[in-house]
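Only one structure is covered here, and it is reproduced in the block below.
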Amino acid sequence: MYEENDYSTLRFEVTGELRHAIVGWGFDNIDENDVYSNINHPHVGREDNTHCTVMYNIVDTVPEQVLKVLAGEPSFTIELGDISIFENEMYDVIKINVMGDALNRLYRVAINSLSHNKVFFDFDPHLTIAFVKKHKGKQIIEKIKKNKFSGKKFKVEELCFNKYRPNEMIIDLAT
């Protein structure tokens, strides 16, 4: 069973107007009746903390170790791509694809330097908009007339590392 406290994550958050635009798009384009809800999975539903997970299942819980690995990492720019979905047996995930060579390099640094349990995915950076009921994702995506986020860029200047929320550490990237 999923337990949020079983692992640490390394992520960056999208802030400002872009964050508000993404959350707003979700409310404008995803009907509340289509949003997945399950008391046994409280981490799903609408995403209001727009972020991209760089790595999860990190077992390094000592912030100093994480800081040592990431010291001097430069800030970088990501570009948003298509709105798409991925599916699992319980729900579909509406997401915005994220691209960037520096992001892929950061992932490789993290995966090769931080102790972690098995990572269950190929690195597919994205911003989750919402978890929706099974088979609703394709219907929602088909209704999109124009992807207003494709090509938009965002500068990542800090990373978030956490073991037990709300005990979170912010890592400033070099500018």
Side-chain angles (χ1 to χ4, degrees), residues 2-27 42-86 93-131 146-175:
Y2 169 87
E3 293 291 335
E4 188 167 359
N5 293 340
D6 284 344
Y7 62 88
S8 295
T9 62
L10 182 64
R11 69 183 191 287
F12 64 84
E13 296 182 359
V14 175
T15 59
E17 291 299 317
L18 184 56
R19 176 181 179 166
H20 294 296
I22 292 168
V23 171
W25 185 95
F27 277 96
H43 64 287
V44 299
R46 290 187 187 276
E47 182 62 66
D48 60 358
N49 181 22
T50 306
H51 68 278
C52 177
T53 300
V54 177
M55 185 178 166
Y56 71 104
N57 279 347
I58 301 170
V59 296
D60 281 320
T61 60
V62 180
E64 293 77 21
Q65 174 63 23
V66 176
L67 281 172
K68 183 179 172 184
V69 168
L70 299 173
E73 283 296 319
S75 60
F76 57 92
T77 301
I78 56 141
E79 183 175 339
L80 303 186
D82 294 333
I83 296 174
S84 62
I85 64 169
F86 65 80
V93 178
I94 309 271
K95 65 185 178 78
I96 302 172
N97 297 324
V98 175
M99 301 166 286
D101 291 339
L103 175 58
N104 290 322
R105 190 193 69 73
L106 178 65
Y107 171 74
R108 286 190 306 277
V109 166
I111 201 84
N112 290 320
S113 304
L114 297 173
S115 297
H116 60 279
N117 291 324
K118 181 180 177 187
V119 176
F120 297 103
F121 59 88
D122 292 325
F123 189 50
D124 178 20
H126 62 274
L127 306 173
T128 298
I129 298 172
F131 298 79
K146 182 181 178 209
N147 179 353
K148 67 185 264 180
F149 302 110
S150 186
K152 294 217 183 270
K153 295 183 178 184
F154 178 78
K155 187 169 184 181
V156 178
E157 300 184 73
E158 64 183 27
L159 300 172
C160 303
F161 171 79
N162 72 308
K163 174 60 181 167
Y164 297 103
R165 290 183 187 172
N167 296 333
E168 181 170 76
M169 178 179 64
I170 303 299
I171 303 167
D172 291 321
L173 299 173
T175 55

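Keep in mind that what you see is a predicted model, and the values were worked out from it rather than measured.
Note on ring orientation: taking the six-membered ring where Trp is involved, the planes of Trp25 and Phe149 are perpendicular (angle over 60°, cut-offs 30° and 60°). By the 30° and 60° cut-offs, the orientation of the rings of Phe123 relative to Tyr107 is parallel.
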Q) Step by step, would you call His20 with Thr50 a side chain to side chain contact (heavy atoms under 4.5 Å, CB included)? A) CA-CA 9 Å; His20 294 296; Thr50 306; over 6 Å; no

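At distances below 3.5 Å, at least one donor-acceptor pair connects side-chain atoms of Ser75 with backbone N or O atoms of Ala174. Checking side-chain atoms of Ser8 against main-chain N and O of Val59 turns up no donor-acceptor pair under 3.5 Å.
A salt bridge is defined here as a Lys NZ or Arg NE, NH1 or NH2 lying under 4.0 Å from an Asp or Glu carboxylate O, and Glu47 with Lys95 fails to meet this definition.
The shortest side-chain heavy-atom distance between Leu80 and Phe154 does not fall under the 4.5 Å cut-off. A heavy-atom distance below 4.5 Å is found between the side chains of Arg11 and Asn162. Using a 4.5 Å cut-off on side-chain heavy atoms (C-beta onward), Leu159 and Leu106 make contact. Side-chain contact between His126 and Thr53: absent, with no pair of heavy atoms (C-beta onward) separated by less than 4.5 Å.
Taking each heavy atom of Met55 and Leu114 in turn, the nearest pair found is CE-O, 4.0 Å. Between Asp82 and Ser150, the closest heavy-atom pair is OD1-OG, 4.3 Å.
Considering only residues two or more places apart in sequence or on other chains, Glu73 meets the salt bridge (Lys or Arg N to Asp or Glu O under 4.0 Å) condition with Arg105. Under the salt bridge (Lys or Arg N to Asp or Glu O under 4.0 Å) criterion, Arg46 pairs with Glu32, not counting sequence neighbours.
Within 6.0 Å of the CG atom in Asp101, the count of heavy atoms belonging to other residues, nucleotides or ligands does not exceed 12.
If you take CD1 on Ile22 and CD1 on Ile96, they are separated by 4.0 Å, rounding to the nearest 0.5 Å. For the atom pair OH (Tyr56) and NE2 (His116), the distance works out to 10.5 Å, reported to the nearest 0.5 Å. Rounding to the nearest 0.5 Å gives a distance of 8.5 Å between OG1 of Thr15 and CD of Glu157.
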